[in-house]
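Everything on this sheet refers to the single structure shown next.
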Amino acid sequence: MPLLPALRRPAAELINSDAGPWGCPRAPRRKAPLTMAARSLLLIRGGRVVNDDCSQEADVLVEDGVVRAVGRHLLPPGDAPAGLRVLDAASKLVLPGGIDTHTHMQFPFMGSRSVDDFHLGTKVKEEMKILTQDKGVNSFKMFMAYKDMYMVRDVELYEAFSRCKEIGAIAQVHAENGDLIAEGAKKMLALGITGPEGHELCRPEAVEAEATLRAITIASAVNCPLYIVHVMSKSAAKVVADARRDGKVVYGEPIAAGLGTDGTHHWDREWLHAAHHVMGPPLRPDPSTPDFLMNLLANDDLTTTGSDNCTFNSCQKALGKDDFTKIPNGVNGVEDRMSIIWEKGVHSGKMDENRFVAVTSTNAAKIFNLYPRKGRIAVGSDADIVIWDPKATRTISAKTHHQAVNFNIFEGMVCHGVPLVTISRGKVVYEAGVFSVSAGDGKFIPRKPFAEYIYKRIKQRDQTCTPTPVKREPYKGEVVTLTSRGTKEDSTHGTRKQAQP
Ligand code: URP
Ligand code: ZN
Ligand code: ZN
């Protein structure tokens with residue numbers, strides 16, 4: 001039913017009919033009138049609105065940065081009220097804005113600083129509890145790699161996971177065995193392998209898989225939800241998948257690099273090309289890895305996608321020209337993540353448009369407790385929206401990308417799925433190849449602890465799966481007496497003493 005009369009009224013009067021404020025969109029109806037203060041109004045017309053659980057042909061009405069209505073024919077052609085901007089999305093998809101779960105902007109790392117920035121950086125130095133309770137930070141990343149820099153040991157992981165659980169945060173790990181990497185690196189250098197191939201050779205798949213299993217085992221001992229960042233190998237992905245099937249509360253995040261390219265580039269004859277692919281855990285030389293990871297992502301063995309964007313220019317990568325251990329680790333991905341996943345995931349037929357939305361946006365919003373404000377197009381959600389052309393193609397290149405870095409690991413890749421318009425909290429920030437953003441436009445969103453999506457099972461297990469002691473009669477027999485503790489003689493020459501009744 002055309003809803004022009006409704007649109008002429010303040011758009012804030014519109015809500016979904018009966019699905020609740022965050023439900024699957026249905027035809028809008030009116031609510032109590034609101035005042036007609038200066039409003040910013042945007043209508044995305046005629047597209048196919050895709051959420052993780054359903055798709056529908058619908059218009060989307062945005063008022064002051066928030067979705068106010070989702071429904072058919074919100075405005076008949078040619079009848080736009082003054083001040084309303086109409087974006088045509090006919091034969092296009094209208095998607096929730098992507099949520100990149102993992103980036104490093106201006107990250108001081110391995111003697112350098114990654115070159116892409118946020119415009120606005122936030123530095124957090126206070127304790128975990130304060131960060132979570134007062135500042136809205138509900139996830140913490142622990143490194144099992146980077147020995148003598150960031151690496152934490154098992155007992156520290158145990159403590160950190162316990163703390164995360166207490167305060168309702170999600171623990172994240174970079175899962176690689178840092179000791180084995182350090183030993184492997186010495187071995188490679190002793191063999192005269194100083195180039196980027198040494199980076200992969202000293203940290204084979206087992207180094208990632210072992211740490212992944214160890215982290216899951218420790219988190220499970222604490223009953224703490226765990227999020228494994230940058231799952232890069234088939235072996236580690238299998239560990240995550242097996243753990244999920246065993247009922248563990250664990251989530252795996254493959255990244256654009258691992259889904260879109262592979263580690264054969266480490267053996268490239270051109271040193272810079274090879275060095276620009278160095279990241280940790282490494283891209284794997286097994287060329288079937290990207291397909292494998294994508295299959296697991298499609299099947300919910302893996303859950304979200306990040307980019308781990310951490311870019312260094314050639315002159316920074318060159319810090320390791322004589323020694324691969326000095327190459328700053330990190331690759332690009334933040335700009336191309338959605339296109340890579342569309343091409344390798346949806347265009348290839350491995351996943352549908354709804355799963356695409358789940359793995360690029362919705363699941364992240366649920367895990368990090370932003371849902372349904374983010375990760376969904378529904379009444380009441382923030383208007384973070386992408387108008388997506390699934391049929392158009394673009395060729396990725398460092399010559400045309402918008403990042404600061406002078407190399408692109410996806411160079412030359414032709415991707416179906418092109419973002420035409422990007423809307424951030426109701427504002428068009430990208431359109432027809434042009435960005436309209438300024439420093440400070442980004443907004444930190446405090447997140448509450450104990451996200452239901454991850455903590456419901458944890459809380460229930462605490463109630464029902466806590467072990468209880470066996471009730472027994474006290475032992476009344478003999479007990480050995482040790483004369484003093486800890487010496488060999490004492491433990492082998494203990495005297496026996498009759499137990500007191
Ligand atoms: O090589 C990588 N991944 N660089 C970024 C830092 C990290 O480990 O996430
Ligand atoms: Zn990492
Ligand atoms: Zn990272």
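Atoms within a ligand are numbered from 1 in the order they appear, just like the ligands themselves.
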> In the protein, what heavy atom is nearest to atom 3 (N) of ligand 1, and what distance, to one decimal place, separates them?
Replying inline: Asp308 OD2, 2.7 Å
> Are Tyr227 and Phe368 an aromatic pair by the rule of ring centers under 6.0 Å?
Replying inline: yes
>> Looking only at protein heavy atoms, which one is nearest to atom 1 (O) of ligand 1, and what is the separation?
In response: Gly280 N, 2.8 Å
> Of all the non-hydrogen atoms in the protein, which one sits nearest to atom 4 (N) of ligand 1, and at what distance?
Replying inline: Asn329 O, 3.1 Å
> In ligand 1, which numbered atoms sit nearer than 4.0 Å to a non-hydrogen atom of Gly330?
Replying inline: 1 (O), 4 (N)
>> Minimum distance, heavy atoms only, to atom 7 (C) of ligand 1: which one of Met110, Lys141, His102, Met279 is it?
In response: Lys141
> With a cut-off of under 6.0 Å to the ring centre and 45° to the axis, is Lys141 in cation-pi contact with Tyr150?
Replying inline: no
>> Parallel, tilted or perpendicular, judged at 30° and 60°: which one describes the rings of His102 and His230?
In response: tilted
>> Is the distance between the ring centroids of Phe312 and His276 under 6.0 Å?
In response: no
>> With a 6.0 Å cut-off on the ring centroids, do Phe407 and His401 count as close?
In response: no
>> Does Lys344 have more than 12 heavy atoms from other residues, nucleotides or ligands lying within 6.0 Å of its NZ?
In response: no
> Taking both backbone and side chain into account, is any N, O or S atom of His174 nearer than 2.8 Å to the Zn ion (ligand 2)?
Replying inline: yes
> Which pair of heavy atoms, one from Leu297 and one from Pro254, lies closest together, and at what distance?
Replying inline: CD1-CG, 4.0 Å
> To the nearest 10°, what's the angle at the Zn ion (ligand 3) between atoms OD1 (Asp308) and NE2 (His102)?
Replying inline: 90°
> Of all N, O or S atoms in His104, which has the smallest distance to the Zn ion (ligand 3)?
Replying inline: NE2
> Are any of the side-chain nitrogens in Lys366 or Glu452 under 4.0 Å away from the carboxylate oxygens of its partner?
Replying inline: no
> Which heavy atom of the protein is the closest neighbour of atom 6 (C) of ligand 1, given with residue, atom name and distance?
Replying inline: His104 NE2, 3.6 Å
>> Within 2.8 Å of the Zn ion (ligand 2), is there any N, O or S atom belonging to Gly280?
In response: no
> With the Zn ion (ligand 2) at the apex, how many degrees lie between NE2 of His230 and NZ of Lys141, rounded to 10 degrees?
Replying inline: 110°
